[in-house]
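Report on the following structure.
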Amino acid sequence: MPVTDDAPTIAAPRKRAVRRRLKGWFAAHARDLPWRENRDPYRVWLSEIMLQQTQVETVKPYFARFLAAFPTVHDLAAAPEQQVLRLWEGLGYYRRARGLHAAAKVLVSEHNGQFPRDLAALQNLPGVGRYTAGAIASIAFDLPAPILEANTIRLFTRLTAYRGDPTSTPGQKYLWRVAEALVPPEGASQFNQAVMELGALVCTPKAPKCDACPLAKQCEANLQDAVELLQPTTKKLKFVDVNEAAVVVYKGEQVLVRQCGPGERWSGLWDFPRFAVESEGPLFAQDELTKKVAEQTGVEVRGASHLKTLKHGVTKHRITLDCYTAKRTAGRLKSTADSPTRWIDPAELGELPLSVTGRKIAKLIG
DNA sequence: AAAACGGGGGC
DNA sequence: GCCCCAGTTTT
């Protein structure tokens, strides 16, 4: 069968059946999620940003904490960015937190603290792309805006038995057209939440529960018994091994920390001196460690002693992080506007936003 | 079109 | 160990 990227034509009766059956299924099976308590666009937006590339269960505690700290968009806009990042700590993809804060300021200064009921204006906010704009417009305002994300990419690929690569540009274009064709003029809020919910609970990546699916009779892949033949909706990542070192430099009781600058990993967060190293393990040359601490901070150290090896994986990286403690012997701090560097009491680390491994090191020395 | 983003959960 | 996750932005 030839692959077609043409816009799908979905017959009106099938479209109606899909909408009706989804509505009935969602009424019976919708999870009781914190951000479904009401349709406040602020809550919808906050949850959508947090849910980008992040699973529902992971988001729940962060959502509650954020809402408690910043009940309204005005509270968020008025907060220091450091506090926003501190509350985001551990959620990853910290650009989302910086965008969230920046967007709150835009909403207050340019939209009177209100969310625009307009797709283009929403998408103009930092961190809001086509999906998130559609999600806010539909879920909060019930506007008939299409959405396309992990769950619905998979569901629509199967519903239409799309034979091409769903992750390719033509595939994405095709699937957006499916979303546009299906979203109803009324009730888009429930519809869009329902397709995501069905994708999350029934139309799963592996072993989809077609027997329990309300769209089994409307699903081309199921009807053709071709669910397993379609191409995967996510790309495989090639993992890269990385060796890094972090050094807790002491000057008396105080330790050396620096704020990661713009364009740098963890921009806005604080970190111990950290850098890539050639060789793995605690036995690599002290010279390399000393040299790189000096390069990064201006401070001379000696007597580096191995603290612990942390292994962790993030996105495509498999990281082996060797952590050390060392004492300052000489040198002046090299602190810049982009990357402030200073000595602090370890007790103060609790107030600074750190990466997950940074926080682990802080606990080790606390 | 591809890579970066630098966390976590499930099996 | 591998796969996946309510994507967006930059290169």
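In the text below, chain A, chain B and the rest are named by the order of the sequence lines, each starting its count at 1.
At whole-Å resolution of the value, CZ in A:Arg96 and P in C:dC5 are 15 Å apart. Summarising the geometry, the separation between CG on A:Leu237 and C1' on B:dA2 is reported as 12 Å, rounded to the nearest angstrom. In this structure, A:Lys238 places its NZ atom 17 Å from C1' of B:dA4, rounding to the nearest Å. Rounding to whole angstrom units, OH of residue A:Tyr94 and P of C:dG7 are separated by 18 Å. Here the C1' atom of nucleotide C:dG1 and the CZ atom of A:Phe239 are 9 Å apart, to the nearest Å. The nearest whole Å value for the distance from the CZ atom in A:Arg86 to the P atom in B:dG7 is 14 Å. Distance A:Arg318 CZ to C:dC2 P: 9 Å, rounded to the nearest Å. The distance between atom NZ of A:Lys236 and atom P of B:dA2, rounded to the nearest whole Å, is 16 Å.
Among the atoms of the strands shown, only primed sugar atoms or phosphate atoms (P, OP1, OP2) are found under 4.0 Å from some heavy atom of A:Pro126. Within 4.0 Å (heavy atoms only), A:Ala135 reaches no atom of the nucleic acid at all. Across all strands, A:Val59 comes closer than 4.0 Å to no nucleic acid atom at all (heavy-atom distances). Nucleic acid contact class of A:Trp88 (heavy atoms, under 4.0 Å, all strands): none.
If you look at A:Trp35 and A:Phe63, their ring centroids are closer than 6.0 Å. Residues A:Tyr174 and A:Tyr162 place their aromatic rings such that the two centres sit under 6.0 Å apart.
Distances were taken from every side-chain heavy atom of A:Tyr93 (C-beta onward) to each of C:dA6, C:dC4, B:dG7; the shortest belongs to B:dG7. When the nucleotides B:dG8, C:dA6, C:dG7 are ranked by their closest atom to the side chain of A:Thr58, B:dG8 comes out on top. Picking from C:dG1, C:dC5, C:dA6 the nucleotide with the shortest atom distance to the side chain of A:Arg154 gives C:dC5.
The side chain of A:Gln52 places no N or O atom within less than 4.0 Å of a non-bridging phosphate oxygen (OP1 or OP2) of C:dG7. Distances shown here put a side-chain N or O of A:Trp266 below 4.0 Å from the OP1 or OP2 atom of B:dG7. At C:dC4, one or more side-chain N or O atoms of A:Thr234 fall inside 4.0 Å of OP1 or OP2 (strictly under the cut-off).
Contacts between residues 349-366 of chain A and DNA chain C, defined by a heavy-atom separation below 4.0 Å, involve no residue at all.
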Item to check | Test side-chain contact (heavy atoms from CB on, under 4.5 Å) applied to A:Val257 and A:Trp343, step by step | outcome: CA-CA 6 Å; A:Val257 290; A:Trp343 299 100; over 6 Å; no

Checklist entry - Does the pair A:Thr72 and A:Asp75 meet the rule for a side-chain hydrogen bond (donor to acceptor under 3.5 Å, both in side chains), with working shown? => result CA-CA 5 Å; A:Thr72 70; A:Asp75 300 313; 2.9 Å; yes

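The 5' end of DNA chain B is approached more closely, in terms of each residue's nearest nucleotide, by A:Thr169 than by the other of A:His317 and A:Thr169. Mapped onto DNA chain B by nearest heavy atom, A:His312 and A:Lys316 fall at different nucleotides, with A:Lys316 at the one closer to the 5' end. Two residues, A:Arg36 and A:Gly127, neighbour DNA chain C, and the one matched to the more 5' nucleotide by heavy-atom proximity is A:Arg36.
Note on A:Glu89 versus A:Arg86: salt bridge recorded, some NZ/NE/NH1/NH2 to OD/OE distance being below 4.0 Å.
Not one N or O on the side chain of A:Arg302 forms a donor-acceptor pair closer than 3.5 Å with the backbone of A:Arg328. Judged by distance alone, the side chain of A:Trp88 and the main-chain N or O of A:Gly92 form a donor-acceptor pair under 3.5 Å.
Taking 3.5 Å as the limit, the base of C:dT8 and the side chain of A:Arg95 contain a donor-acceptor pair of atoms between them.
Of the P atoms belonging to B:dC11 and C:dA6, the separation is 14 Å, rounded to the nearest Å.
Taking the six-membered ring where tryptophan is involved, the planes of A:Phe70 and A:Phe66 are perpendicular, since the angle between them exceeds 60° and thus also 30°.
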